[in-house]
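These numbers come from the heavy atoms of this one structure, side chains and all, not from hydrogens, waters or symmetry mates. Below, chain A is the first sequence line, B the second, and so on; all start at residue 1. From a predicted model like this one, the values you see are computed outputs, not experimental measurements.
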Amino acid sequence: MTKLEPHLFTIQKAAAFLGVNVNTIRNWAKRGMIEGIKVGSRGDWRFTEESLLSMIQKSDLRSQDHAEQFRLAAIVESSEDAIISKNLDGFITSWNHAAEKIFGYTAQEAIGQPITLIIPEELHKEEQELLRKIKQGINIEHYETIRRKKNGKKCLVSLAISPIKDSRGKIIGASQIARDLSDQNSAMEAQLYLAAIVASSDDAIVSKNLNGIVTSWNKGAERVFGYSAEDAIGKEIKTLIIPKDRWQEEDAILRQLKQGIRIDHFETLRVRKDGVPIMASVTISPIKDAGGNIIGASKVARDITEKKRMEYEIAYLATLVEASADAIWGTTLDGTVVSWNKGAENLYGYTAQEMIGKSLTSLVPSEKAQEATALSQKIAQGLQVANHETQRITKDGRRIDVSISMAPVKATNGTVTSISLAARDITMLKQVEKNKDEFISAASHELKTPLASQKMFLQLMQRELAKSPDSKLEHYVARILKQNERMNNLVYEMLTIARLEAGQLQLKVSLCLLTDCVQEILNDLAPAFPSHQVIFEGTQTQLVAIDKERMSEVITNLVTNAVKYSPQANRIVIRFTEDSNTVTLSVQDFGIGIAQADQKRIFDKFFRVSGESEQTYPGFGMGLYIASEMVAKHQGKLWVESAPGKGATFFLSLPVYKKFSENKQESPAHAVFSRGENA
Amino acid sequence: MMKKVLVIDDDPDILDAINMTLEGAGYETVVTQRAEEALLKANDCSPDLIILDMLLSGHDGRTISQQLKSTDKTKDIPLLMISAYPNAEERIKAFGPNAFLAKPFDIYQLLEIVEALIDQRGTPEQEIR
């Protein structure tokens, strides 16, 4: 039986026929489970088709299982994917050929090792989590992660992990199928990545073919130009977003592109769908096919309208700053100059080159150094300083009067980063003020001197008349004296106004009860108007810090006005009220009243009330103006409530004096007082 | 004995008015418009009181005040300064006058203050010296 029977199956064919392993068949044949023929002494088994068929027929469940197992094992072995199993403790229990190929470890090396053999350290936690899921019977599909090869290199794999159950359905381990994505991914991922960049870009990124037809249009383009991708793709780019007068430019670009020339960052005008022109910065590059032929162009356009507008504004502001006659400069918080305009050069004599990077100390007179530091600290805290009058020294050593305004420059988060300063030379102004003051002083001196001798002579005359009475002469002299007194008052008021306006009027503050102050005034004043009774209402217990002399003038003015403007009445009412912060005095008369329109204007300079009855009263009308200015200087308020024909009530409110330490908002009046108290 | 008052003011009418007021009240007066005579007269006539205007044409009354107050013979003579200048009181304080009166003033005020200043000087302690 040496001749081969052609109808006999080789062991390989038989294995394939039955779907089992060659060795399995060999074993079966040895044990006589299948009818086989041994060929030659070293020869292998041959099987008849009959015996194979009978094998299939008689095969029980177990052998079918066996066959099935074998078939699966064969699949596993021949798979391109790494197929690995592990037990629930994470130890590798099987390792196929592809696993060897992908990870570099042989089955012998791998089996029995923990699965962490191929997991990078940083992913060990993830593995634990996976095991937990597996124990719960959860399948994990298409899960991309990183594994480590024997040579230490990492690779991207796609994993599918399934629990392995025993015949009773108990989970005893897990299989994992790993596909090496490294090569495939890098190319595809790069593409996806680029596509994502394009899609998410704020810039408009579009492509067009060589005929200028739009072939792609990203979200940024939709946002910048207003056309959706659907609107734009397939249209000629010229008609979409290029203004007619720039079509030539576009044609020129297309010509350059065809020659393969890239066009970088040129700024041009484009039009949005809604017709609004925008400034765009555009980069255009040729697109080549695999063969290197130019097939179109990509265009990256950025809307720089806002940027241009800001550039313009910055340039505009810079021009303003530079052209300003005022000195404008900037410093860091520690006083190092960072900018220095022409005005600053003119004012201080130092050029920008000389000052930038330097400290300002050379400008500050030594006695003002402390003040300057204090100001800078204020600014660093975010406060502003306006029109602070001080002195500075110029490069040539001149001392000049300047008015300086300082403001903090803040970052978007609100922190103060630097200081902006502006200064104006007020040397001339100071001189003019000084001249004005000198003039007023001289004028008032010159006016007062003749009034002074006049008054004395009149009083001497009165004294002579007392010796030899003459009622007519006495009457005349009294009249002249009264006019002399009026003249004196006018000069005094004029001087007061001048000093108030020059800011030279210093208050001599002391503490008192306003009620006492008023009582004193009324004691002196009341005899002058026997026609009116003064009725007091209310009390006050809180002190005010006032210049008694100046405040007396104000109150005198209110009371005499009340009498003067209510000639038909026989009383005035003086009321005192207070709350925790203010004390208020009101003077009510029952006279002609003040029209609504006049109520604010009566505090203006040179305003005089004139009623329908054409009643006018003497005086320049400076009294109430001075009064309101004086009250303002005391941090108080002066106002009127009135209806024509129903009299008027003037209100004067003053801040209650509080101990300096309690007084958070320092009022000048209190500050002056406090100094006086310490002195 | 009549009390003697030296009056220095460059305005002749003021000078005259003060003179009349004081004479009417029984004082002996020495008057001058010339600032440069002030020290001389103060030394010569040994007045009981000096009335001095703050600003005299070409001269500063404050300097004269200082000189009067730093000269042995005159330093104890009460000095009343007068002025029509605003804030004059503040300006003269440091120059040593005993009192100040702002122009315009009335004659009764003037007499009151003159009397008070001379009385002050006439205290027993000062008479012994």
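- Under the 3.5 Å distance criterion, the side-chain polar atoms of Thr74(B) are left unmatched by any main-chain donor or acceptor of Ala42(B).
- Contacts of Leu495(A) with chain B are made by side-chain atoms alone, with heavy-atom separations under 4.5 Å and no backbone atom involved.
- For the set Leu447(A), Leu451(A), Asn488(A), the count of heavy-atom pairs under 4.5 angstrom toward chain B peaks at Asn488(A).
- Applying the 6.0 Å contact sphere to NZ of Lys436(A) captures more than 12 heavy atoms from other residues, nucleotides or ligands.
- Within the 4.5 angstrom heavy-atom criterion, only side-chain atoms of Asp11(B), from C-beta onward, approach chain A.
- Using a distance-only test at 3.5 Å, with no hydrogens or angles considered, no donor-acceptor pair links the side chain of Asn98(B) to the main chain of Leu80(B).
- Minimum heavy-atom separation, Phe105(B) to Lys455(A): O-CD, 4.0 Å.
- The parts of Ile18(B) that come within reach of chain A are both its backbone and its side chain, each placing non-hydrogen atoms under 4.5 angstrom from that chain.
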